[in-house]
Amino acid sequence: GYCMIYFRVVQYKLSFGVFVGKRIQIWSPFFICIGCYSALYFLCDDTLLVGADYGILRCCGGFYAGVFVYQMYKRVNIQLNAIAFSLIEVVVLIGCYYSISIADTKDNQLLSFLMFSVAVFLLAIQEKGIVSRALNNKPFRFIGKLSYSIYMTHAIVASVWALVYIYILKLPVQEIILPGGGSNKR
């Protein structure tokens with residue numbers, strides 16, 4: 001517990017508190033993100049989509065990518081008409097789809113991380129394009145709130161279900177990870 005609290009304090013200080021200059025404040029999350037993803041790239045053999053081993057690097061890389069995107073969002077103002085912005089949004093979303101569909105290697109996974117960050121930035125920056133306007137309507141905002149709530153509570157729910165499986169249903173751990181106890185090898 002104390003290690004995680006300390007780690008969070010260090011994370012916060014590295015991204016906001018320690019650096020005084022605005023340029024360093026803007027770019028420090030970018031360099032921390034690059035550092036996390038670089039370490040992950042060199043430590044992992046086949047995939048960057050790791051959990052237990054080096055998952056903290058992937059999580060911190062994603063966190064700092066988000067901090068950097070937010071820093072840029074606060075400072076950048078792109079003036080384009082709605083048609084041009086709509087075209088850019090559609091191209092970036094197609095790029096996201098493509099990068100995810102080919103994310104079978106570490107290089108392609110890095111590409112998908114980058115494309116997702118670019119998409120978040122572009123969809124948030126002006127809300128002029130057809131996609132960003134559609135996503136900003138009331139039903140999608142409500143779904144976004146639900147999605148965030150589910151994201152914030154899923155770990156505790158999964159942990160409780162694991163305890164139910166093990167201690168109440170008396171099922172082996174393999175049943176939790178791979179239903180039917182089968183192997184995930186093809």
Side-chain angles (χ1 to χ4, degrees), residues 11 14-16 19 21-51 54-155 184 186:
Q11 260 188 328
L14 284 175
S15 61
F16 296 113
F19 301 111
K22 287 205 182 268
R23 286 182 190 226
I24 294 175
Q25 184 180 9
I26 294 168
W27 288 100
S28 63
F30 173 77
F31 291 119
I32 294 169
C33 171
I34 296 298
C36 289
Y37 284 141
S38 296
L40 185 65
Y41 189 88
F42 290 109
L43 289 170
C44 296
D45 293 329
D46 299 331
T47 183
L48 302 180
L49 306 178
V50 292
Y54 301 111
I56 190 72
L57 290 172
R58 184 173 49 87
C59 293
C60 288
F63 173 81
Y64 283 107
V67 171
F68 178 68
V69 165
Y70 178 71
Q71 294 286 348
M72 297 308 291
Y73 164 77
K74 288 190 324 184
R75 289 166 174 80
V76 173
N77 186 11
I78 299 173
Q79 296 295 324
L80 293 173
N81 64 34
I83 295 171
F85 218 80
S86 296
L87 182 62
I88 292 170
E89 287 178 345
V90 169
V91 168
V92 167
L93 290 178
I94 290 170
C96 282
Y97 175 79
Y98 177 73
S99 69
I100 290 169
S101 70
I102 63 166
D104 56 346
T105 65
K106 294 191 304 184
D107 294 336
N108 292 345
Q109 290 163 359
L110 279 176
L111 175 65
S112 66
F113 297 165
L114 174 67
M115 288 302 297
F116 183 75
S117 295
V118 170
V120 168
F121 175 74
L122 286 176
L123 292 173
I125 194 166
Q126 276 198 333
E127 297 173 0
K128 273 188 166 183
I130 192 166
V131 177
S132 54
R133 282 194 318 242
L135 292 175
N136 195 30
N137 68 31
K138 205 170 193 173
F140 278 112
R141 287 195 312 246
F142 177 70
I143 291 169
K145 286 180 184 178
L146 290 178
S147 159
Y148 184 71
S149 300
I150 292 167
Y151 165 72
M152 292 303 289
T153 60
H154 82 280
N184 63 354
R186 296 180 185 175

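Scanning all heavy atoms of the two residues, the minimum distance from Ser86 to Ile130 falls at OG-N, 2.8 Å. Smallest separation of non-hydrogen atoms from Phe140 and Leu135: CB-O, 3.3 Å. The two residues Leu40 and Leu48 come nearest to each other via the heavy atoms CD2-O, 3.7 Å. When all heavy atoms are compared, the tightest approach of Met115 to Cys96 is O-SG, 3.3 Å.
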Item to check | Derivation and outcome, side-chain contact (heavy atoms from CB on, under 4.5 Å), residues Asp107 and Tyr41 | outcome: CA-CA 9 Å; Asp107 294 336; Tyr41 189 88; 2.5 Å; yes

Checklist entry - Taking it one step at a time, do Phe68 and Cys33 satisfy side-chain contact (heavy atoms from CB on, under 4.5 Å)? => result CA-CA 8 Å; Phe68 178 68; Cys33 171; over 6 Å; no

Next on the checklist: side-chain contact (heavy atoms from CB on, under 4.5 Å) for Ile32 and Phe63? Distances and angles first, verdict last.
Outcome noted: CA-CA 10 Å; Ile32 294 169; Phe63 173 81; over 6 Å; no

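Distance check, rounded to the nearest 0.5 Å: CD1 of Ile34 to CZ of Phe31 gives 8.0 Å. Here the CD1-CD distance, from Ile102 to Gln109, works out to 10.5 Å after rounding to the nearest 0.5 Å. The distance from atom CG of Asn108 to atom OG1 of Thr47, rounded to the nearest 0.5 Å, is 11.0 Å. Atom CG of Leu80 is separated from atom CD1 of Ile88 by 5.0 Å, given to the nearest 0.5 angstrom. The CG atom of Leu122 sits 13.5 Å away from atom NZ of Lys128, with the distance rounded to the nearest 0.5 Å.
Looking only at side-chain heavy atoms (C-beta outward), Ile125 and Phe85 come within less than 4.5 Å of each other. The shortest distance between side-chain heavy atoms of Leu123 and Leu93 falls below 4.5 Å.
Ring planes of Phe30 and Trp27: perpendicular class, angle over 60° (limits at 30 and 60°).
Within the structure, the ring pair (Phe, Tyr, Trp, His ring centres under 6.0 Å) test picks out the following pairs touching residues 89-132 (sequence neighbours left out): Tyr37-Phe113. Within the structure, side-chain hydrogen bond (donor to acceptor under 3.5 Å, both in side chains) pairs that include any residue of residues 132-147 comprise Glu89-Ser132, Glu127-Asn136 (at least two apart or interchain).
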